Amino acid sequence: MKVVFTMTTDIKRMTDRIPLEVLNNDNFGLIDEIVATDFVEHDPQPGVPPTREGLKQTLQALKTAFPDLRYTIEDSLESGDKIVHRLTGTGTMKAAYMGMPATGKRATWTEIHIGRVANGRLAEHWGLVDQLGLLVQLGIVAAPGRVPVTA
């Protein structure tokens with residue numbers, strides 16, 4: 001008999017709300033509840049301030065470009081005041097995003113996010129998105145050539 005132990009902490013419950021409720025369910029009002037007023041985004045989009053307001057702009061622009069956007073949390077790891085999420089995103093690009101015209105194509109990509117929580121709110125964020133995989137699927141860039149492997 002296999003026994004599985006799962007523990008959901010307050011940090012995990014709170015940070016899960018960003019992809020699952022804010023983005024999947026278009027509940028952008030939750031950002032002010034979840035994210036600290038002095039929030040710092042360590043990987044802001046070009047031209048977007050690294051603040052809570054900048055995060056709102058980025059997430060709303062993403063949802064506008066991919067109106068059917070759905071995130072799935074694949075893994076969560078928590079240590080102290082930090083949490084790491086590995087996510088899968090899926091959506092169809094129906095509007096321009098970051099200067100790229102809409103392609104009408106559907107894509108699936110992976111993301112890794114690290115958050116630091118302080119006083120019950122998200123205080124800092126670092127993120128990494130498989131942008132090349134996303135852009136290839138959308139037809140914005142050509143797939144890189146294969147490199148022959150020599151023995």
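Computed over heavy atoms, backbone and side chain alike; hydrogens, waters and symmetry mates excluded. In this text, all values refer to a predicted model and were calculated from it rather than measured experimentally.
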Take His85 and Asp16 through the test side-chain contact (heavy atoms from CB on, under 4.5 Å) and record every step on the way to the result. CA-CA 8 Å; His85 282 116; Asp16 284 359; 2.7 Å; yes
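- Using a 4.5 Å cut-off between side-chain heavy atoms of Ile, Leu, Val, Met, Phe, Trp and Tyr, with links allowed through other members, Leu20 and Leu122 fall into the same hydrophobic cluster.
- Checking side-chain atoms of Arg52 against main-chain N and O of Val35 turns up a donor-acceptor pair under 3.5 Å.
- Residues Arg106 and Asp68 are in side-chain contact: their nearest non-hydrogen atoms beyond the backbone lie under 4.5 Å apart.
- Residues Met100 and Val48 do not share a hydrophobic cluster, clusters being chains of Ile/Leu/Val/Met/Phe/Trp/Tyr side chains in contact below 4.5 Å.
- Under a 4.0 Å N-O distance rule, the pair Glu33/Arg17 qualifies as a salt bridge.
- Counting only heavy atoms from C-beta outward, the side chains of Glu41 and Pro49 never approach each other to under 4.5 Å.
- Proximity of Pro19 to Ile73: side-chain heavy atoms (C-beta onward) are separated by under 4.5 Å at one or more points.
- Side chain of Ser79 to main chain of Lys82: no donor-acceptor pair is present (N/O by atom type, distance under 3.5 Å, no hydrogens or angles).
- For the pair Ala102 and Ala95, the tightest heavy-atom approach, listed with the atom from each and the gap, is CB-N, 3.4 Å.
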Could you walk me through whether Leu23 and Phe28 pass side-chain contact (heavy atoms from CB on, under 4.5 Å), step by step? CA-CA 7 Å; Leu23 288 163; Phe28 289 92; 4.3 Å; yes
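- Residue Lys12 comes nearest to Ser76 through the heavy atom pair NZ-OG, 3.5 Å, listed as atom of the first residue, atom of the second, then distance.
- For the residue pair Glu111 / Trp109, a side-chain donor-acceptor distance below 3.5 Å is found, with atom types taken as modelled.
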For Val117 and Thr15, run side-chain contact (heavy atoms from CB on, under 4.5 Å): C-alpha distance rounded to whole Å, both residues' side-chain angles, the deciding distance at 0.1 Å, then the answer. CA-CA 9 Å; Val117 174; Thr15 55; 4.1 Å; yes
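- Side-chain contact between Glu124 and Phe39 is absent, with no heavy atoms from C-beta onward closer than 4.5 Å.
- With a 4.5 Å cut-off on side-chain heavy atoms, His113 and Val84 do not count as touching.
- Counting only distance, with no hydrogens or angles, the side chain of Lys63 and the backbone of Leu69 share a donor-acceptor pair below 3.5 Å.
- Annotation for Ile11 and Gly80: closest pair CD1-O, 3.6 Å, computed over non-hydrogen atoms.
- To the nearest 0.5 Å, atoms CE (Met93) and CG (Leu135) are separated by 8.5 Å.
- Side-chain contact between Thr90 and Tyr71 is absent, with no heavy-atom pair separated by less than 4.5 Å.
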Asp43 and His125: CA distance, side-chain angles, deciding distance, side chain to side chain donor-acceptor pair (under 3.5 Å) verdict: CA-CA 8 Å; Asp43 301 301; His125 172 262; 5.5 Å; no
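- In this structure, the side chains of Pro144 and Leu132 come closer than 4.5 Å at one or more pairs of heavy atoms.
- In this structure, the side chain of Thr103 engages the main chain of Lys105 through a donor-acceptor pair within 3.5 Å.
- The closest side-chain heavy-atom distance from Asp32 to Lys56 is below 4.5 Å.
- Hydrophobic clustering (side-chain heavy atoms under 4.5 Å, transitive across Ile, Leu, Val, Met, Phe, Trp, Tyr) groups Phe66 together with Val141.
- Connection of Leu138 to Leu62 is established within a shared hydrophobic cluster, with ILVMFWY side chains joined at heavy-atom distances below 4.5 Å, either directly or through further cluster members.
- No hydrogens or angles considered: nothing links the side chains of Gln45 and Thr58 as a donor-acceptor pair under 3.5 Å.
- Val136 and Val129 end up in the same hydrophobic cluster when Ile, Leu, Val, Met, Phe, Trp and Tyr side chains are linked at under 4.5 Å.
- The only option from Leu59, Leu30, Ile31, Asn27 that meets the side chain to side chain contact (heavy atoms under 4.5 Å, CB included) definition with Ile18 turns out to be Leu59.
- Taking a cutoff of 4.0 Å between a charged side-chain nitrogen and a carboxylate oxygen, Arg13 and Asp10 qualify as a salt bridge.
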